[in-house]
Amino acid sequence: MSSPEATAGLSKFALVAQAWLVELFQATQAFDIRHYEEAAPAAVFMGLTIPVRGLVERALEKIESVLTHYDGASDAAPPSDPLNFELALDQTLHAHGGPAKVADLAFMARVELRQRHGRLVTHAPTGEAWEMVCDCGSALRRVRKSMGAIEFALCELECVPRRLRYDSELEVSLAVRRQYRKLWSFTAGQGEVGPVGARAALRGAGTLIAMLVGRDEYCQLREGDRLQLRALQRRILAWLGRGDAEPREGYRLWEDFSAFTSMLRLVNLRQELREHDLEALRIARRAWAGEGDRQGALAVLQRLVGLDDELDGALLEVPPAITRIGAAVHRLWDQLSASPPPQATKGDAF
């Protein structure tokens, strides 16, 4: 059993550590990546890459102090799938453990941030602007996630009130899916769009993109998706701004936008969403079979918005279309439970 002196020492360290964890977390929020997505390489390098690199270096220094304080208590290995760093933090955070759990989180964060720092130091003022933006966005996300996870575990261990909100990767993915659904639902709602109707459809698409870029959730989108979204936005604005715009060219642009929104449905292949969706469908199947609370199951199904258009439509009816919901639940359960888990893809996929 720890002595009062040892406990007091731990609590003092926790308070000091929490202060810089909060400061680093908040520092990541001071960067608005949107301001650099249309900037020249030199401006991105000086205004974003250099400051983000410094922030990562500070985070690594502080993480080292956590590992030192807990006497190398970590037995963790780097995540077996480096693409799932955020999920590995989630799983470790909610596992049992004392000082070793804090050290495990710090160890994984150190491995990941060293890799991100290694990418940042390769950039130069004459480099590719979007590559810098992508690497900086990924680094900021990892710093924010790491600081939040370590603060959560540290406060749990030392009985210190938390100051940071920790969003699990599932909550982030659910928010992203809700935003993506607005894009593909808009596309589906246009029906058949020919060359003559392309202008009205693209005007609506341009407005929808602008609204999404202005939302807080936009910064949670993966960098690859933002790159394509911004490229489409530029093309749409350029075509709409031309007085002699060729209708067939507009039609081809609409087809590109439509294909992009269809691709966004791949968000449903994210590991955390697939596991969440299967569990929600399992609860709903039991309720529809008379083995659970149907009203409670309806509340659970509301979190599946974006998984399936038919289920979305049935849930939105007033009152909810119970028969259609049940049919959709059983169909989706058969589809998802029979399909193998998606293979990991290099980069910020889905």
Side-chain angles (χ1 to χ4, degrees), residues 10-11 13-31 52 55-117 120 136-176 216-217 219-220 222 270-273 275-276 344 348:
L10 286 172
S11 298
F13 174 82
L15 291 172
V16 172
Q18 183 186 44
W20 51 252
L21 286 167
V22 170
E23 185 271 327
L24 287 165
F25 182 96
Q26 292 174 342
T28 67
Q29 297 177 313
F31 293 93
V52 170
L55 179 61
V56 173
E57 290 167 356
R58 287 166 51 208
L60 282 167
E61 177 186 345
K62 297 302 185 181
I63 286 170
E64 203 66 46
S65 71
V66 172
L67 289 169
T68 300
H69 182 82
Y70 288 106
D71 299 322
S74 175
D75 295 322
S80 58
D81 179 2
L83 301 177
N84 283 334
F85 166 72
E86 291 90 345
L87 291 180
L89 284 189
D90 288 352
Q91 292 165 2
T92 303
L93 188 63
H94 294 99
H96 294 293
K101 182 164 81 170
V102 181
D104 286 350
L105 292 165
F107 177 79
M108 288 189 289
R110 182 176 65 177
V111 171
E112 180 70 14
L113 293 184
R114 280 178 174 175
Q115 293 175 350
R116 297 294 159 179
H117 184 265
L120 292 172
C136 287
S138 293
L140 289 170
R141 226 176 23 245
R142 267 67 173 194
V143 171
R144 185 160 51 246
K145 188 84 172 183
S146 299
M147 299 303 101
I150 296 171
E151 196 255 3
F152 189 111
L154 194 70
C155 292
E156 178 184 63
L157 174 66
E158 309 289 8
C159 299
V160 174
R162 289 173 53 205
R163 293 173 57 191
L164 295 178
R165 172 181 172 178
Y166 182 85
D167 289 324
S168 70
E169 199 61 13
L170 172 59
E171 293 303 322
V172 171
S173 292
L174 287 169
V176 168
D216 291 340
E217 291 90 344
C219 294
Q220 296 177 331
R222 303 290 172 93
R270 291 187 186 182
Q271 178 184 337
E272 63 275 17
L273 284 180
E275 293 173 356
H276 165 271
D348 286 330

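Just one of Leu105, Leu21, Leu15 meets the side chain to side chain contact (heavy atoms under 4.5 Å, CB included) condition when paired with Leu154; it is Leu21.
Leu164 is linked by a side-chain contact (heavy atoms from CB on, under 4.5 Å) to Val22, Phe25, Glu151, counting only residues two or more places apart in sequence or in another chain. Scanning for salt bridge (charged side-chain N to carboxylate O under 4.0 Å, His left out) contacts around Glu272 gives an empty result, with sequence neighbours left out. Val16 meets the side-chain contact (heavy atoms from CB on, under 4.5 Å) test with Trp20; sequence neighbours excluded. Judged as a salt bridge (charged side-chain N to carboxylate O under 4.0 Å, His left out), and not counting sequence neighbours, Arg144 has no contacts. Applying the side chain to side chain donor-acceptor pair (under 3.5 Å) criterion to Glu23, with sequence neighbours excluded, gives Arg58. Qualifying side chain to side chain donor-acceptor pair (under 3.5 Å) partners for Glu171, counting only residues two or more places apart in sequence or in other chains: Arg303. When the salt bridge (charged side-chain N to carboxylate O under 4.0 Å, His left out) test is applied to Glu57, no partner is found at least two apart in sequence or on another chain. Residues that satisfy the salt bridge (charged side-chain N to carboxylate O under 4.0 Å, His left out) test with Arg163, not counting sequence neighbours, are absent from this structure.
Salt bridge Lys145/Glu112: absent, no basic N to carboxylate O contact under 4.0 Å.
In this structure the side chain of Val176 reaches within 4.5 angstrom of the side chain of Arg270, judged on heavy atoms. Side-chain contact between Glu158 and Gln18 is absent, with no heavy-atom pair separated by less than 4.5 Å. Looking at Glu169 and Gln271, their side chains never come closer than 4.5 Å, going by heavy atoms from C-beta outward.
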**Asked** Can you list the steps and then say if Phe31 with Leu55 is a side chain to side chain contact (heavy atoms under 4.5 Å, CB included)?
**Response** CA-CA 11 Å; Phe31 293 93; Leu55 179 61; 4.0 Å; yes
**Request:** Quick one: do Met147 and Val143 satisfy side chain to side chain contact (heavy atoms under 4.5 Å, CB included)? Show the steps, please.
**Result:** CA-CA 6 Å; Met147 299 303 101; Val143 171; 4.0 Å; yes
**Request:** Go through the steps for Leu89 and Met108 under the test side chain to side chain contact (heavy atoms under 4.5 Å, CB included), then give the verdict.
**Result:** CA-CA 8 Å; Leu89 284 189; Met108 288 189 289; 3.9 Å; yes
